[in-house]
Protein chains: 2
Amino acid sequence: MNDLQINISIQPSFYCKDPESTELGRNIVRVGIELIDKLGYEAFTFKKLGTQIHSNESSIYRYFDSKHAFLVYLVNWYWSWIEYKLVFVTTNINSAEERLEKAVQLLTEEVKEDSSFTFINEVLLNKIIITESAKAYYTIDVDKENEKGLYKSYKRVVQRVCDLVLEVNPQFKYPHMLISTIIEGAHHQNYFSKHLPALTDVEEGKNNIVEFYLKLTKSVLSK
Amino acid sequence: MNDLQINISIQPSFYCKDPESTELGRNIVRVGIELIDKLGYEAFTFKKLGTQIHSNESSIYRYFDSKHAFLVYLVNWYWSWIEYKLVFVTTNINSAEERLEKAVQLLTEEVKEDSSFTFINEVLLNKIIITESAKAYYTIDVDKENEKGLYKSYKRVVQRVCDLVLEVNPQFKYPHMLISTIIEGAHHQNYFSKHLPALTDVEEGKNNIVEFYLKLTKSVLSK
DNA sequence: ACAAATATAATAGTGTTACTGTCATATATG
DNA sequence: CATATATGACAGTAACACTATTATATTTGT
């Protein structure tokens, strides 16, 4: 983006030892992202990751309690990063409509360029979020993890965009539904366009997903 | 629904031995649904299921190749059942708008009463679809399984409702996107309302989800 | 009624997963 | 230079996701 040397700071509840604090920790996250993207979440293991980074399985466990905890960490990192981009993209814009438009665009477009202001490859991370993030919260332990605050960054993004929605139309009754529908929907459409095209209308080389959700937003909010 | 003794017929590609053909097979499906609902997909195993039905793990493997195959079977059964209900609910309705409305309602409402015209508990199955169905197609093997036709029933439902959308507005460019967004969205909202309420606007005892998606549909299709 | 075919149950076994625990060694810090 | 801390190597465990084998029960054909 702007080559700012900004750090996304992640709270201690997401790790045993802060992976950003050591070379090994950063390697775990960096190569971990590549490996999940390559193998898929199910086939990904700490043992395989250990081999890849010429380190040991047990060393990885000193940073993350489990592979689920690692996924939750990545999801949280992603939404903290999106929150930062969201604030950035909506500042100094006078029109509420335009602010919302920029926000929806951010939430629905595929991350194309690697802004890489850290050791994290955001393009790959975006792919992982699209394919695997639901597995982080569609688990039997949601309620417990939600209580621990593990989904806060996602909720915060939704809330921020909700506020923009209500600026455009203060009477609108379902801002949260609209925004979480758009976020999850855009992920699904992205995945469908690559694997189940019968479920979508994406045309080669076109930005149909962004266009569709922008149109949806505008029409549902128009009075 | 109407107490019709109709059978959802499932193609052989979804099983090794047809579970509807024997008492054991029906038990596997019936108790399997209960157990997935209770334990969640991850903790569910054929061994536990074997114990529950006083049968053997190896016997279950003669009906389904794997626990993933079992989930795919259930998902397919569900969408075949929804397709049947969809056809039923839209026949003899003259207005295209009303047909679409009935369809959207069907796709977004929670299955409340047990119509149970078979050994399958549709209320529990609906809960499983909401919580676990994405795990059936968010896997590294999607493309292979899609080629085998394992997601056809879902696609068929989407296509049918798409046709209704185009009857209402033949110029609309994104019918598939709209319908798959509504289907997946309604599942998410349902789950969020129970586990991550900050992501939704569902009020106790109200049908907000249906209402929201009906409004969405109407406004995006209005010319 | 009886043999043959088929279905199911019981059991053992395999390789992997998702860890935990222990101990030795390497590296950093005071 | 001593001590603390981090990492690596390795062993071990219970469970998982199966596969294979054999025994027993049930169904079916004649």
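Per chain, numbering begins at 1; letters A, B, ... match sequence-line order. Source: prediction; values computed, not measured.
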Whether A:Tyr191 and A:His195 hold their rings parallel, tilted or perpendicular, with breakpoints at 30° and 60°
tilted
May I ask you to test the B:Pro197-B:Val202 pair for a side-chain heavy-atom distance under 4.5 Å?
no
Over 60° means perpendicular and under 30° means parallel, so tell me whether A:Tyr137 and B:Phe192 are parallel, tilted or perpendicular.
tilted
Chain A on DNA chain D: first and last contacting nucleotide, 5' to 3', under 4.0 Å to a heavy atom?
D:dA6 to D:dC10
Heavy-atom contacts under 4.0 Å between residues 57-76 of chain B and DNA chain C, which residues?
B:Ser58, B:Ser59, B:Arg62, B:Tyr63
For B:Asn146 and B:Lys155, does a side-chain donor sit closer than 3.5 Å to a side-chain acceptor?
yes
Answer yes when B:Glu23 and B:Arg26 have at least one side-chain N-carboxylate O distance shorter than 4.0 Å, and no when they do not.
yes
Using atom types as modelled and distance alone, determine if a side-chain donor or acceptor of B:Lys48 lies under 3.5 Å from a backbone N or O of B:Ala43.
yes
Residue-level proximity of residues 27-47 of chain B to DNA chain C when a heavy atom falls under 4.0 Å:
none
Check step by step if salt bridge (charged side-chain N to carboxylate O under 4.0 Å, His left out) holds for A:Glu110 and A:Lys194.
CA-CA 13 Å; A:Glu110 215 178 339; A:Lys194 283 167 193 144; 2.9 Å; yes
Suppose we call two aromatic rings close when their centres sit under 6.0 Å apart. Are A:Tyr138 and B:His188 close by that rule?
yes
Neighbour count >12 (heavy atoms, 6.0 Å) for atom NZ, B:Lys102:
no
Donor on one side chain, acceptor on other, B:Glu42 and A:His68, under 3.5 Å:
no
